[in-house]
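Each remark here refers to the structure printed beneath this line.
Note that the structure is a prediction, hence the values are computed from the model and not measured. Counting begins at 1 with the first residue of the sequence. Both counts, for ligands and for their atoms, begin at 1 and track the order of listing.
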Amino acid sequence: MTRLSTQWSASLGLRVPIVAAPMGGVAGGRFAHAVSRAGALGMIGMGSAGSAAKLATQLAEFGAADAATDASDASDEASAPPFGIGLVHWGLTRDPELLDTALAARPHLVSIGFAERFDWVERVHAVGALAATQVYTPAEAVVAADAGVDVVVARGSEGGGHGDPRMGALSLLDAVLDAIGGRATVLAAGGVSSGRSLAAVLAAGADGAWVGTALMASPEALTPDSARPVLLAASGDDTVNTSAADAALGLPWPERFPERVVRNAFVEEWAARVDELRGSGDALDGFRAEFTAANSAGDHRLVPVDAGEGVGLLRSVRPVAEILDEFGRDAVALLRRWA
Ligand SMILES: Cc1cc2nc3c(=O)[nH]c(=O)nc-3n(C[C@H](O)[C@H](O)[C@H](O)COP(=O)(O)O)c2cc1C
């Protein structure tokens, strides 16, 4: 594999300066292990439906994948590769054991997304892990750095899943580097889906990239089978930020955090009528029940698939090692043109 390092990624022993985003319902233990074995930093993600029990299950998957790798390759390094865990802030309030379980697993990095407070940073540091969070404005980056967050992820509006779509990734990265560069590690997120965009954010000064969509279709991901054809067929301009699915599921995501999804018939019908979808009535109750059942079953004929603008670059189902290798190789080829 081609090696591409920034000072930060070298300090973690990574072979490519990429952190795989902690995507709820996608980034399980097997996925995180495959990413870390391939030389990036794998994360286990617990989304808004996360719990201590679900995290324990995925940690066991990580351990099982590690044991299987060790057994099949005697030449491999003996110790488990570095990994991270990503949680959603209000998940900690709902299930306080979630953070306890995460910290007991001794991850190298703990990310708390959609953070309303930063009292968790001290607990993360106490187990020797790095504390990370995603930000959407330079002002939020300053608050996070002041609170002792080690890794600030500048997440642009191009990104898949939930986020505050305030600024495009490159202008946000530029502003965040200006505001806190040198005080915290800065990773770029949102639309980093190829060696080209990785080279761009590294050239701009990022310490690495935080990548979600580009890894979603891999066989190691928990992505439901019905979502993969949607991902492979979509183009970046098929994606849209909307709170419609959250409204249909009755989830308490603030309006500030819509999710970027691949547009489908449900989105076409409801994106402009989200308040109506939160209302009451027999017909709506029935529809919401149908939607919730489809979501639990991972049925993406009705429920839109989360994905960022980089989804158009997904053309086949490929193992994460192959995708990450291509990221590194293509970025190095581009960056060398200026050497
Ligand atoms: C399917 C999916 C699920 C996600 N779930 C979470 C999550 O549970 N917690 C979180 O902090 N971010 C989540 N995100 C957002 C990512 O952390 C990240 O901001 C985004 O994937 C970066 O943009 P990209 O998708 O263009 O690479 C999710 C993203 C996707 C695509």
Between Phe287 and Phe291, what is the ring plane arrangement, given parallel below 30°, perpendicular above 60°, and tilted in between? tilted

Examine the proximity of ligand 1 to [X] and report which part, side chain or backbone, both or neither, has a heavy atom under 4.0 Å away.
X: Glu309; result: neither
X: Met216; result: side chain
X: Met23; result: both

Hey, is [X] close enough to [Y] for a salt bridge, meaning N to O under 4.0 Å?
X: Glu326; Y: Arg315; value: no
X: Arg37; Y: Glu220; value: no
X: Asp164; Y: Arg155; value: no

What residue and heavy atom of the protein are closest to [atom], and at what distance?
atom: atom 23 (O) of ligand 1; value: Gly159 CA, 3.2 Å
atom: atom 22 (C) of ligand 1; value: Gly190 N, 3.7 Å
atom: atom 9 (N) of ligand 1; value: Pro22 O, 3.5 Å
atom: atom 11 (O) of ligand 1; value: Gln134 NE2, 3.0 Å
atom: atom 16 (C) of ligand 1; value: Ala21 CB, 3.6 Å
atom: atom 21 (O) of ligand 1; value: Gly212 CA, 3.5 Å
atom: atom 25 (O) of ligand 1; value: Thr213 OG1, 2.6 Å

For [X], state whether at least one heavy atom is located under 4.0 Å from any atom of ligand 1.
X: Gly86; answer: no
X: Gly310; answer: no
X: Gly45; answer: no

For His300 and Asn264, test the side chains for any donor-to-acceptor distance below 3.5 angstrom and give the result as yes or no. no

Is it possible for you to check whether Arg123 lies under 6.0 Å from the centre of the six-membered ring of Trp120, through NZ or CZ, and within 45° of that ring's axis? no

Steps toward side chain to side chain contact (heavy atoms under 4.5 Å, CB included) verdict (Asp330, Arg196): CA-CA 7 Å; Asp330 289 355; Arg196 288 184 292 269; 5.9 Å; no

Looking at ligand 1, does any of its N/O atoms fall within less than 3.5 Å of an N/O of [X]?
X: Asp306; answer: no
X: Val192; answer: no
X: Gly24; answer: yes
X: His162; answer: no

Are Phe114 and His89 an aromatic pair by the rule of ring centers under 6.0 Å? no

What atoms of ligand 1 come closer than 4.0 angstrom to any heavy atom of Gly47? 8 (O)

Can you name the closest pair of heavy atoms from [X] and [Y] and give their distance?
X: Ser280; Y: Arg288; answer: CA-NH2, 4.3 Å
X: Asp207; Y: Ala184; answer: OD2-O, 4.3 Å
X: Val192; Y: Phe327; answer: O-CZ, 3.9 Å

Kindly compute the distance separating CG (Leu130) from OG (Ser11), expressed to the nearest 0.5 Å. 7.5 Å

Out of Gly163, Gly191, Gly161, Gly160, indicate the one that has the non-hydrogen atom closest to atom 15 (C) of ligand 1. Gly160

